[in-house]
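Ligands are counted one by one from 1 in listed order, and the atoms in each one are counted from 1 as well.
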Amino acid sequence: MMQAGAGGLPTVVLRAADGSATATVHQHGATLTSWAVSGAEKEEEELLFVSPLAVFAPPKAIRGGAPICFPQFGSLGPLKAQHGFARNMEWAVDEVAGDSCSLVLCSDAATRAEWPHHFKLTMQVSLLPNGALQQSLRVLNTGDSPFEFTTALHTYFRVSDVSKASVVGLKGLSYFDNAAGSLATDDADAVTFTGEVDRAYIGAPSPLKLVDLGRGAVVMVHKEGFQDAVVWNPWEAKAAGMADLGPEHWRGFVCVEVAQARSGAVTLAPGQDWEGRLRLERDTLGES
Ligand code: TA6
């Protein structure tokens with residue numbers, strides 16, 4: 001169902017066939033902005049974070065939800081614009097069923113002015129039984145020469161307080177520490193947050209587990225196709241410098257992003273495609 005969403009912008013609203021979850025996708029950037037799960041006796045619980053100071057004024061990217069980074073993640077590519085342009089563009093709604101939708105973005109003169117390639121992106125979201133959500137991104141080379149890209153689903157998860165959150169599954173991996181500007185190895189059992197964390201893990205396993213001790217909540221992050229994972233919270237000083245986040249709201253989220261980043265760019269020959277998939281499941285602490 002299409003309806004006006006946050007900021008008055010057009011959105012697609014999905015409801016799971018078993019009534020266990022709802023999801024909202026803003027057409028702007030094909031940004032997944034809500035994933036809310038309803039337990040047996042509990043009220044609906046929102047699992048994604050959208051900044052209370054988010055600006056819903058295209059082409060500005062929405063601060064929160066799951067912006068799509070393409071054709072580059074961060075500065076890993078030829079564009080000046082960090083994270084590319086897909087999150088700044090109006091996507092076309094392709095298909096909407098009750099519990100799933102797909103949106104597409106095709107290259108045009110505006111995209112080719114920034115990146116001289118022909119492509120079609122398809123972003124699909126489906127609500128599965130028991131509140132789970134699946135999201136995929138397909139990249140098709142519609143031109144007659146090869147191109148390479150990096151990408152990510154830059155998902156902001158809501159947490160009770162970042163100091164009570166941790167990300168499990170990354171021990172022993174190498175990561176590029178964006179805050180320090182150097183490579184490092186993670187030897188901790190879990191990533192915890194006591195200051196800025198901005199890490200691009202190389203070759204991350206699946207699933208990863210986001211734990212929020214404050215709510216007794218766990219989100220399992222299953223990925224396919226995306227080789228890497230990124231964990232980010234800006235902490236106070238950086239957040240204060242971001243007008244659409246500000247000095248107060250940074251405690252309320254952790255980004256756990258499935259990415260094709262430091263493992264290297266994907267190269268697509270003409271007519272070739274690549275697909276990355278993400279499946280999110282809400283669990284309860286002690287049961288996962
Ligand atoms: O994924 C982490 C990151 O690349 C950080 O370095 C941080 O800058 C963040 O994304 C947000 O980027 P944005 O361009 O949305 O302000």
Quiz item: Does Arg63 come within less than 4.0 Å of ligand 1, judged by its heavy atoms?
Solution: yes

Quiz item: By number and element, which atoms of ligand 1 are closer than 4.0 Å to a non-hydrogen atom of His154?
Solution: 1 (O), 2 (C), 3 (C), 9 (C), 10 (O), 11 (C)

Self-check item: Numbered atoms of ligand 1 (with element) below 4.0 Å of Asn178, judged on heavy atoms
Solution: 6 (O)

Self-check item: Enumerated ligand 1 atoms positioned under 4.0 Å from heavy atoms of Val230
Solution: 1 (O)

Quiz item: Which protein non-hydrogen atom lies closest to atom 11 (C) of ligand 1, naming both residue and atom, and how far is it?
Solution: Trp232 CH2, 3.6 Å

Quiz item: So, for Phe149 and Phe119, is the gap between ring centers shorter than 6.0 Å?
Solution: no

Quiz prompt | Ring geometry between Trp232 and Phe253 (parallel below 30°, tilted from 30 to 60°, perpendicular above 60°) | solution = tilted

Quiz item: Using a distance-only test with no angle check, is there a side-chain donor-acceptor pair under 3.5 angstrom linking Glu90 and His28?
Solution: yes

Quiz prompt | Numbering as shown, the atoms of ligand 1 that approach Phe73 to under 4.0 Å (heavy-atom distance) | solution = 1 (O), 4 (O)

Quiz item: Which protein heavy atom lies closest to atom 8 (O) of ligand 1, and at what distance to 0.1 Å?
Solution: Gln82 NE2, 3.1 Å

Quiz item: So, do Trp250 and Phe193 have ring centers that fall under 6.0 Å from each other?
Solution: no

Exercise. Check ligand 1 against Arg87 and write out every atom of the ligand that is under 4.0 Å from a heavy-atom position of the residue.
Key: 13 (P), 14 (O), 15 (O)

Quiz item: Which of parallel (below 30°), tilted (30 to 60°) and perpendicular (above 60°) describes Tyr156 and Phe49?
Solution: parallel

Exercise. Check whether the side chains of Glu46 and Ser34 place a donor and an acceptor atom closer than 3.5 Å, and report yes or no.
Key: yes

Exercise. Indicate the ring-plane relationship of His83 and His154, choosing parallel, tilted or perpendicular according to the 30° and 60° boundaries.
Key: perpendicular

Exercise. Report, in ascending order of atom number, the atoms of ligand 1 lying under 4.0 Å from any heavy atom of Glu257.
Key: 1 (O), 2 (C)

Quiz prompt | Heteroatom distance test (Asp198, ligand 1): nitrogen or oxygen, under 3.5 angstrom | solution = yes

